[in-house]
There are 2 protein chains.
Amino acid sequence: MSSPNRKPVPTMSTALKGAQIYFGPFLVTSQVLTSFYTPSPLPKLPHLPRTDRFPPPQVFHLTPLSFALVNLKPILPGHVLVSPRRRVPRVSDLTAAETSDLFATVQRVGRVVERVYGGSSLNIAIQDGPEAGQSVAHVHAHIIPRKRADLDHRGGTDAVYGMLDGEEGDLRRAFAEEKERGTKFPAVDNEARAPRSMEEMEAEAEMLAREMEKEGELR
Amino acid sequence: MSSPNRKPVPTMSTALKGAQIYFGPFLVTSQVLTSFYTPSPLPKLPHLPRTDRFPPPQVFHLTPLSFALVNLKPILPGHVLVSPRRRVPRVSDLTAAETSDLFATVQRVGRVVERVYGGSSLNIAIQDGPEAGQSVAHVHAHIIPRKRADLDHRGGTDAVYGMLDGEEGDLRRAFAEEKERGTKFPAVDNEARAPRSMEEMEAEAEMLAREMEKEGELR
């Protein structure tokens, strides 16, 4: 798996064990499970909605200062977010170490989602403050894999940004709905694109966690 | 000006002296002047267009691995670019040191343009590859200061992205026109927004260079 010459890369199975990560006010790791790979040790509690026991483990990668999470309503397949672990609203609030770690993570995660989702380019965008369209006051870089003509039906390459800033990209609303409704997501949105189920997000997070480990071993 | 405890920050007057910086195929520092602050030592050569002697010095900040330049056609006031000095097309091509230096520079330049242009937020965007809208194959982060309601006349906050990816944000075309025509820019474009004169860009670059030095001293 790893040679003694390789610098160990924090992986899901070790780094995420027991971690509680907040994206803004929203918990995006499990409160109960200690890792994605540990089967639940809890008895079944059918009177509780599933979210109360297992908040969706959206985080798929963790470094000393940053984390990456899958999206409730990705604009395109593989659209993920990278955030600093410290909950600060602006890029200028980040320390030098946090800035460096955040963008090293953006680079590594970008490489993986581009490969996994068969992209040939990436949009990387930070809405740094409310006047720039930021809806959750916690620094986050959007990473969106792109391929040729992938948004022709929506008006072309630049349609991604309108989607990012429009209702589809409203993370605060999406996360609030998720928190409030548990698994009962609204069936439709204005773009006729339903938010994903927690099972789907969890499966994607597990898959991307494995791919991140692979990337760590490859380099 | 500076205390002995402060780490010296590379400034325009020292770091840019004699530097020749390319943004993609386009020279964005002067071929002739050794710094922005040195009056031209050349005799007047009225038979040459001014661009042949003084390509527009658009670069206003230089670090060991990155540079920042003003825009020919800023989408909003203070819209600038930050690039690695090594001409590579993709973020994944950057070394760890280049990635760290680039985003430390994005953070510092963002802080300065937000302050100087009276913004309260920033859009930070990288079109990482042609399918993401990249028009010059040299990694560049757009930094755009934002204020409340600054694009209401264009359709709201998210209009910035359409502008970034549309004709207004076509850096290759803008730079090619600049190179080809010298000071004779087309009088209008589709957005009825004329490219700026070299004098205007140079004045902005000088002003921002001084502000970057000030920022270095402040921190």
Side-chain angles (χ1 to χ4, degrees), chain A residues 89-112 114-115 119-135 139 141-151 155-167 169 219, chain B residues 89-112 114-115 119-135 139 141-151 155-167 169 219:
Chain A
R90 299 296 312 274
V91 168
S92 71
D93 297 326
L94 300 172
T95 66
E98 285 171 329
T99 305
S100 181
D101 188 272
L102 183 75
F103 289 101
T105 307
V106 165
Q107 188 190 45
R108 217 155 58 238
V109 168
R111 200 180 275 137
V112 165
E114 183 172 329
R115 169 170 61 74
S120 49
S121 297
L122 295 171
N123 281 112
I124 300 169
I126 301 178
Q127 296 158 310
D128 188 31
E131 274 71 61
Q134 186 187 44
S135 60
V139 172
H142 294 266
I143 305 178
I144 307 169
R146 301 299 305 271
K147 16 183 144 178
R148 186 168 296 282
D150 56 3
L151 286 177
T157 304
D158 61 341
V160 72
Y161 292 118
M163 295 162 78
L164 196 61
D165 262 3
E167 185 173 341
R219 296 185 74 80
Chain B
R90 298 296 311 274
V91 168
S92 71
D93 297 325
L94 299 173
T95 65
E98 285 171 329
T99 304
S100 181
D101 189 272
L102 183 74
F103 289 101
T105 306
V106 165
Q107 188 189 45
R108 219 156 54 238
V109 168
R111 201 180 274 138
V112 165
E114 184 172 328
R115 170 170 59 75
S120 50
S121 296
L122 294 171
N123 281 111
I124 300 168
I126 301 179
Q127 296 157 311
D128 189 31
E131 274 71 63
Q134 185 187 45
S135 59
V139 172
H142 295 267
I143 304 178
I144 307 169
R146 301 299 303 272
K147 19 183 142 178
R148 185 167 296 283
D150 57 2
L151 286 177
T157 305
D158 61 340
V160 71
Y161 293 117
M163 294 162 79
L164 196 63
D165 263 2
E167 186 173 340
R219 294 185 76 79

**Request:** Please round to the nearest 0.5 Å and tell me the distance separating atom CD of B:E131 and atom OG of A:S120.
**Result:** 3.5 Å
**Prompt:** When rounded to the nearest 0.5 angstrom, what distance separates CD1 in B:I126 from CD1 in A:I126?
**Reply:** 7.5 Å
**Request:** Kindly compute the distance separating CD1 (A:I124) from NE2 (B:H142), expressed to the nearest 0.5 Å.
**Result:** 12.0 Å
**Item:** Top of B:P130, B:A96, B:A104, B:P145 for chain A proximity - count of heavy-atom pairs under 4.5 angstrom
**Value:** B:P130
**Asked** Any side-chain heavy atom of A:L122 sitting closer than 4.5 Å to one from B:V91?
**Response** no
**Item:** Under 4.5 Å from any heavy atom of chain A - which part of B:L94
**Value:** both
**Complete:** For A:S121 and B:G129 the tightest heavy-atom approach is OG-C, 3.1 Å
**Fill in**
Residue set satisfying side chain to side chain donor-acceptor pair (under 3.5 Å) with B:D150, at least two apart, ordered chain then number -> B:R146
**Request:** Applying side-chain contact (heavy atoms from CB on, under 4.5 Å) between A:Q107 and each of B:D128, B:L102, B:T99, report the one that passes.
**Result:** B:T99
